Amino acid sequence: MARHCIIVESPSKAKTIGKYLGKDYRILATVGHIRDLPKKDLGIDTAHRFEPKYVAVPGKKDVIMNLKKAVQDAKDIFIATDPDREGEAIAWHVAQILDLDPSAVKRVAFHEITKNAVLEALAHPVPVNLELVNAQQARRVLDRLVGFELSPLLWRKIKPSLSAGRVQSVAVRLIVEREAEIESFAAESAYRVAARFLPADAEGKTEINAELPKRFKEENKAEAFLESCRTAAFLVDDVEKNKAKKQAPPPFTTSTLQQEAGRKLRFSVSQTMMLAQKLYEDGHITYMRTDSLNLSSLALAMIKAQIVEMFGEAYSHPRKFKTRSKGAQEAHEAIRPTDMHLSEAGDNKNVRSLYRLIWKRSMASQMAAADVERTKVRIRNDKNTELLEAKGEVVTFPGFLKVYQQDEDKENLLPALKKEDKLTLIEMEAVEKFSQPPARYSEPALVKKMEELGIGRPSTYAPTISTIQKRGYVEKGDKAGEAREYRRLLLKDGRISAETLSEVANAAKARLYPTDTGRVVNRFLTEYFEDIINYNFTAGIEQDFDDIAEGKREWHAMIREFYDPFHARIEQNFDNKTNFRGERLLGTDPVSGKNVYAKIGRFGPIVQLGEVQSKEKPRFAGLKDDQRLDTLTLKEALELLAYPKEIGNYEGSPLTVAVGRYGPYIKHKSTFYPIPANQDIAAVDLEHAIALIGTAREKESNKLIRDFPEEKIKVLNGRYGPYIAHAGKNYRIPKNTDAEKLTADNCREIIRQAPEKDHKRSSARRKKK
DNA sequence: CAGTGAGCGAGCTTCCGCTTGACTT
């Protein structure tokens with residue numbers, strides 16, 4: 001029997017809809033885009049009307065074949081890809097591939113995935129919106145032109161395999177500029193006065209923590225203030241009470257989920273997305289790549305019921321949130337559990353804790369605001385005119401705080417006080433406090449910033465962050481922090497003492513740092529293509545895309561206007577042969593008299609001794625991980641150039657210490673022995689080297705489990721356990737096999753039975769050699 | 001893995017945004 005055919009993007013969505021609609025409907029998924037520009041060529045006719053050449057997305061042949069087969073005997077074909085720009089384009093490509101007339105296609109939009117919403121949508125099909133499709137084509141073509149013309153320029157000017165693009169280059173810029181702000185930051189210090197009191201006549205032992213709003217720049221001023229307080233009597237000057245509300249947070253979008261999972265659970269952006277994907281595929285949450293704060297009516301009712309059941313009517317406050325982020329397309333709902341009764345879900349710890357977070361946030365978003373009472377107590381004394389202030393905060397109605405706490409929601413209790421109450425000073429201190437430099441971006445903080453700028457989409461935040469790290473523009477790392485001394489003056493028992501203490505300042509975990517390559521690439525783009533990496537570039541062209549989508553503008557003309565001046569600058573830069581490698585002359589080598597430079601080399605930052613153009617070829621050495629192009633000294637450069645260095649003889653052959661691609665190593669009789677990373681290579685002498693070789697040889701002998709020299713078969717201990725090596729290939733040993741007891745025959749059998757693998761990865765690697 | 005960095009010239013690299021599996025000797 002012929003069935004209705006519905007085409008969606010996500011296989012999970014197809015499954016869900018299938019459950020609602022039953023046997024009369026057949027639901028197929030495109031699994032994302034099915035056609036795109038070719039992977040290798042530009043695929044755009046820039047000489048004419050930027051005609052794009054579309055090819056099937058690699059690996060999508062099966063999907064396309066299934067679509068073609070399914071529609072042959074279909075009663076109706078509904079294209080229900082996501083209701084946004086990309087979804088409209090997918091709908092159009094589907095129509096093209098299926099040879100359907102776009103104006104006759106039944107395009108439907110599911111704004112929420114509930115039975116009623118789906119049936120309602122199916123009842124109101126519309127044609128494909130070609131203007132919206134054109135806006136997507138313009139977006140696609142512009143991104144391809146920028147990426148595929150800028151990147152080759154970088155290969156030529158800086159080094160191979162680099163990349164640039166509308167989104168990634170701005171992300172790198174943000175990180176480079178933040179680092180520059182930190183570098184130019186000069187910490188200032190001032191003395192902060194804090195005091196602890198007890199009510200003079202109260203039985204209660206609740207302390208009052210007060211602070212002086214004013215800070216003292218100089219220590220003697222702070223000391224003079226403490227001195228004046230030494231014999232002072234303290235009184236409550238006045239008590240001010242204010243009622244305030246803390247508003248419930250909106251439900252999660254991709255960006256806010258990444259931020260909160262990072263802050264509360266310490267997940268990286270990609271980790272959060274992988275865990276969320278799992279919850280989505282298991283049907284526990286709605287779609288996790290979304291910029292919408294919208295909750296379906298079904299969801300609102302379900303959340304409300306859950307709140308009322310758990311906390312009572314007073315805690316329910318249903319509401320809809322409006323999206324504030326730039327360029328939001330809102331094709332999906334906010335991220336929420338599919339079933340609010342399920343307060344826990346997932347089959348491992350991390351999945352479960354992410355689900356809990358989503359569940360709590362969804363609850364909180366529909367709960368009442370919290371009522372807090374803030375108290376400010378001013379404290380005067382009889383020896384000077386300054387007022388100290390103590391602040392208290394009490395939650396009088398928790399509202400959403402019942403389920404969702406922010407870190408800053410700490411209560412601070414103050415004892416009951418009234419005007420003119422006497423206070424007893426326990427102690428008062430003046431501590432030198434330093435101003436904080438701007439914080440380096442964490443991954444979620446970078447996503448937040450990108451979202452604010454309207455750069456990137458929920459589906460690309462995580463991949464973009466991994467791209468800029470893969471290209472070597474940015475590294476994620478911890479910083480131990482610097483030890484810093486500060487002064488503390490203490491007034492206690494009528495005496496003032498002073499001491500110098502030490503603290504660790506500015507330690508941070510998992511932050512993003514620019515590399516030398518990232519800085520140089522950014523410098524180049526800033527100098528020649530500032531308009532592309534300008535923070536407003538995307539916002540500007542998004543306006544153009546909107547105009548195209550509304551039929552107010554023609555897309556070829558828009559791209560032409562952008563492309564001609566852009567391409568002219570690309571050509572101009574290609575024509576002048578000068579490199580852009582951040583080269584810096586450090587000085588001259590006192591031994592050879594040659595110049596010493598620091599610059600970006602083929603594989604990263606290097607130092608160079610001598611001239612590239614000279615007959616005698618220059619010598620090179622890579623920088624160490626903690627060294628930087630901009631700050632490297634001549635002395636450090638000469639130390640790097642001291643290798644390879646012969647340090648003596650062993651077993652009749654010379655021993656050489658050198659630094660290569662994978663770090664420092666010792667070379668002996670054409671064998672390489674890596675030097676451990678924590679070891680200073682300057683300290684590696686003959687004795688050291690011999691010891692290192694000894695342990696390396698011992699380890700090597702442990703690696704070999706069985707050896708069958710006639711068959712050229714070895715059983716070795718590897719990273720993933722024992723395996724068989726033969727003729728340049730490795731073979732997995734079947735489970736429950738004792739590797740120690742394998743015979744040559746066993747091994748031959750395993751090799752014979754090994755499945756013939758011919759996947760792309762290994763063939764690509766072979767090609768490389 | 002393989003221990004570079006010039007230059008020669010071959011062949012390669014590269015974008016953003018939509019969606020999931022493979023595949024971990």
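So that the names make sense, note that chain A is the first sequence line, chain B the second, and so on, each numbered from 1. Every value quoted in this text rests on a predicted model; they were computed, and no experiment measured them. Below, each value reflects all heavy atoms present in this structure, side chains not excepted, and no hydrogens, waters or symmetry copies.
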*Any side chain to side chain donor-acceptor pair (under 3.5 Å) pairs touching residues 142-151 of chain A, not counting sequence neighbours?*
A/R139-A/D143, A/D143-A/R166, A/E149-A/Y563, A/E149-A/H567

_Interatomic distance at P, B/dT24 relative to B/dC1, whole Å_ = 16 Å

*Check every atom of B/dC16, B/dC18, B/dG7 against the side chain of A/H33 and return the nucleotide holding the closest atom.*
B/dC18

*DNA chain B contacts among residues 271-287 of chain A, heavy-atom distance under 4.0 Å*: A/Q277, A/Y280, A/Y287

*Represent DNA chain B in dot-bracket notation, 5' to 3'. Only Watson-Crick or G-U wobble pairs with both distances under 3.5 Å count; pseudoknot-style crossings use [ ] and interstrand partners use |.*
.........................

*Residues which pass side chain to side chain donor-acceptor pair (under 3.5 Å) with A/Q679, listed by chain and number, not counting sequence neighbours*: A/H688

_Nearest-nucleotide comparison on DNA chain B, the residue closer to the 5′ end among A/M288 and A/Y665_ = A/Y665

_Side chain of A/V612, heavy atoms from C-beta onward: which of B/dC15, B/dA6, B/dG17 has the nearest atom to it?_
B/dA6

*Sequence-distant partners of A/F529, ring-ring contact (aromatic ring centres under 6.0 Å, His included), two or more places apart*: A/F566

*Ring centroids of A/F148 and B/dC15 base under 5.5 Å with planes under 30°*: no

*List in numerical order all residues of residues 151-161 of chain A for which some heavy atom is under 4.0 Å away from an atom belonging to DNA chain B.*
A/S151, A/P152, A/W155, A/P160, A/S161

*asked:* Taking only side-chain N and O atoms of A/R581, does any of them lie within less than 4.0 angstrom of OP1 or OP2 on B/dG5?
replied: no

*Given that A/V57 and A/P664 both sit by DNA chain B, which one's nearest nucleotide is further toward the 5' end?*
A/P664

